[in-house]
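Please read the structure below before turning to the comments.
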Amino acid sequence: MARSVAVVGSGPSGFYAAAAVLKQEPDARVDVLDRLPTPYGLVRGGVAPDHQKVKTVVRAFGCTAALPGFRFLGNVELGRHVTLEELQGLYDQVILAVGAPRGRTLGVPGEDLPGVHTATDFVGWYNGHPDHQDLRFDLDAHDVVVVGMGNVAMDVTRILASAPGRLDTTDITDRALQRLRHGTRRRIHVLGRRGPVQAAFTPKEAQEIAALDGVQVCARAVEAAVDPVSAAWLAEHGGRSEQANVDMVAGAVHGEHGRRRMEVWLRFLVSPVAFLGEGRLEAVRVERNTLVDRGDRIACRPTGVFEEIPCQAAFLAVGYRSVPIPGVPFDADAGIVPNDGGAVLDGSAGVPDLFVVGWAKRGPSGLIGHNRADSVAVVERMLATPVVRASSGVDPLDVLGGRTRVVTWADWERLDAHEVAAGEARGRPRVKLTDVDAMLGLLEK
Ligand code: NAP
């Protein structure tokens, strides 16, 4: 019998895994499940609306979906509509591609004050992810703090700093567009706990902010200066990307202040230690750091010198985290599904026929394309591993169809066409459906 595989999660790592199985074994049957009726994971719900080019990767995923062995089973949630044990009975092998859907927090006092948000929630909100549509964000803030110096921090800063009109022709939600248009934001303080050499953003993302209409990127000379430890690292290991970041930050020291619509302050060597306010956020207290060489990492060391930055909204962009799924092994410290090269472990023992790819396997790092090689390697390993318990032979659709309205690829194509048509009328790539019931309702028509 041809091999049957369930891939749980239809983001990039899931699609790359499905493609790899069908490339190696064209007669295999691969079902890609997703808890949402819509596919593509972070490509749809994470990639910024003004980065449409990045989203063209879905064309390749569409080619995979067109292969004869492929099926999409949307609106099916592992742990809710089906247990892992059941799934393993229905398929020969299961690949978890469940990503890292939540935002990390800092664990400092005041983090739960109104006005403090995770970037993950904000990104999901402006991108129309159904989980985040009921949230409210404090976009009328005069001073906004963004914690973190990665590309998510840059995305959030760019969206917050965009001039009215700039996002009108994107697929950002109407609600976000309206709320962002009416804000009174004047300053965004982006906080990095280490120095410019350790900034995690790529130069292109920072340059995009500097190029925004009416925006001045600023930095303090003392923070832009490269310390001796980082200078030594830069000379020995640094690449073009790190040097470009250092140069950009050095250039920002000389920016003219107080003349533009908005200032984006890139702050370095500061760690938030508390969010302050009476009933809502009024300031963030930061502690200054110095940098020390710990051998495998240049780490920050607190100095006991503090500063308060007044702000009315804060966004934590300090990374994503995976969440445990009932019945699925989870390493809470590492925030991943424990695995040996993608083969899932329960304690030190392997779980037969179960594999993991993407951010759930290795943690939340890397660009979309990095997931490809990772998924291919895990699939190669899976295909070389004998199946321990073969599937029952029952069609999973028969089982799952009795528990939820399974959204097929043909259904998704209808939703897609609806969104694109709604966008065309307004010069936008699409107007997203943001509510699961509305999506299912549309499919019943
Ligand atoms: P990231 O690249 O890992 O950046 C996280 C940032 O948070 C780092 O600056 C990190 O500083 C900081 N941080 C972590 N813990 C902290 C703490 N306790 N206190 C203060 N700061 C802390 O993660 P990300 O921005 O979430 O992005 C995830 C992945 O998606 C990355 O690979 C990114 O490149 C990719 N991505 C790409 C794009 C794009 O290409 N446009 C857009 C979005 C995301 P340290 O370095 O000191 O740890």
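Counting starts at 1 for both ligands and their atoms, in listed order.
Below 4.0 Å from some heavy atom of Arg104 lie the following atoms of ligand 1, by number and element: 14 (C), 15 (N). Which parts of ligand 1 touch Ser365 is read off a 4.0 Å heavy-atom cut-off, strictly below it: atoms 32 (O). Interface atoms of ligand 1 facing Tyr320, defined by a heavy-atom separation under 4.0 Å, are 26 (O). Close approach of ligand 1 to Ala200 (heavy-atom distance below 4.0 Å) involves ligand atoms 2 (O), 4 (O). Less than 4.0 angstrom separates some heavy atom of Gly319 from each of these atoms of ligand 1: 26 (O). Annotation for ligand 1: atoms under 4.0 Å from non-hydrogen atoms of Leu106 are 17 (C), 18 (N), 19 (N). Within ligand 1, counting atoms from 1 as listed, the ones closer than 4.0 Å to a heavy atom of Arg297 are 45 (P), 47 (O), 48 (O).
Considering each of Arg193, Arg194, Gln198, the one bringing a non-hydrogen atom nearest atom 15 (N) of ligand 1 is Arg193. In this structure, of Asn151, Thr105, Val146, the residue bringing a heavy atom nearest to atom 34 (O) of ligand 1 is Asn151. Scanning Gly150, Gly366, Ala153 for the heavy atom closest to atom 31 (C) of ligand 1 points to Gly366.
Scanning the protein heavy atoms around atom 41 (N) of ligand 1, the nearest turns out to be Glu205 OE1, 3.0 Å. Protein heavy atom in closest approach to atom 7 (O) of ligand 1: Val318 CA, 3.4 Å. If you check which protein heavy atom lies closest to atom 8 (C) of ligand 1, you get Met149 N, 4.0 Å. In terms of protein heavy-atom proximity, atom 42 (C) of ligand 1 is nearest to Asp155 OD2, 3.2 Å. Nearest protein heavy-atom contact of atom 29 (C) of ligand 1 is Trp359 CZ2, 3.7 Å. Considering only non-hydrogen protein atoms, atom 27 (O) of ligand 1 sits nearest to Val152 CG2, 3.7 Å. Protein heavy atom nearest atom 40 (O) of ligand 1, with residue, atom name and distance: Leu367 CD2, 3.6 Å.
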**Q.** Step-by-step side-chain contact (heavy atoms from CB on, under 4.5 Å) determination, Val270 to Ile309
**A.** CA-CA 11 Å; Val270 286; Ile309 303 172; 5.7 Å; no
Q) Under the side-chain contact (heavy atoms from CB on, under 4.5 Å) criterion, do His129 and Leu36 qualify, and how do the steps go? A) CA-CA 9 Å; His129 191 297; Leu36 291 180; 3.6 Å; yes
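Aromatic pair Phe15/Phe72: ring centres not closer than 6.0 Å.
In this structure, atom 10 (C) of ligand 1 has no protein heavy-atom contact shorter than 4.0 Å. Within the 4.0 angstrom cut-off, atom 3 (O) of ligand 1 has no protein heavy-atom neighbours.
Using 4.0 Å as the threshold, His370 has no heavy atom nearer than that to any atom of ligand 1. Within the 4.0 Å heavy-atom cutoff, Gly192 does not count among the residues contacting ligand 1. Distances shorter than 4.0 angstrom occur between a heavy atom of Pro364 and an atom of ligand 1.
At distances below 3.5 Å, at least one donor-acceptor pair connects side-chain atoms of Glu242 with backbone N or O atoms of Gly239.
Side chains of Asp138 and His117: a donor-acceptor N/O pair is present below 3.5 angstrom, by distance only. Asp174 and Gln178 share no side-chain donor-acceptor pair at under 3.5 Å.
Within the 4.0 Å heavy-atom criterion, neither part of Met154 lies near ligand 1. The backbone of Ala317, and not its side chain, has at least one atom closer than 4.0 Å to an atom of ligand 1 (non-hydrogen atoms only; backbone = N, CA, C, O). Neither the backbone nor the side chain of Val54 comes within 4.0 Å of ligand 1, counting heavy atoms alone.
Using a 4.0 Å cut-off between a side-chain N of Lys or Arg and a carboxylate O of Asp or Glu, Asp374 and Lys361 qualify as a salt bridge. Taking the charged nitrogens against the carboxylate oxygens, Arg428 and Glu419 have no contact shorter than 4.0 Å, which rules out a salt bridge. Ion pair Arg187/Glu263 not flagged as a salt bridge, since none of the NZ, NE, NH1 or NH2 atoms sits closer than 4.0 Å to an Asp/Glu carboxylate oxygen. Using a cut-off of 4.0 Å between Lys/Arg side-chain N and Asp/Glu carboxylate O, Arg430 and Asp416 are scored as salt-bridged. With respect to Arg44 and Asp171, no salt bridge is recorded, no charged nitrogen being found less than 4.0 Å from a carboxylate O.
Under the rule for a salt bridge (Lys or Arg N to Asp or Glu O under 4.0 Å), Arg261 has no partner lying at least two apart in sequence or in another chain.
Taking the six-membered ring where tryptophan is involved, the planes of His237 and Trp233 are tilted, since the angle between them lies from 30° to 60°.
Here the closest heavy-atom approach between residue Ala28 and residue Val21 is recorded as CB-CG1, 4.0 Å. Minimum heavy-atom separation, Gly45 to Asn127: O-ND2, 3.2 Å.
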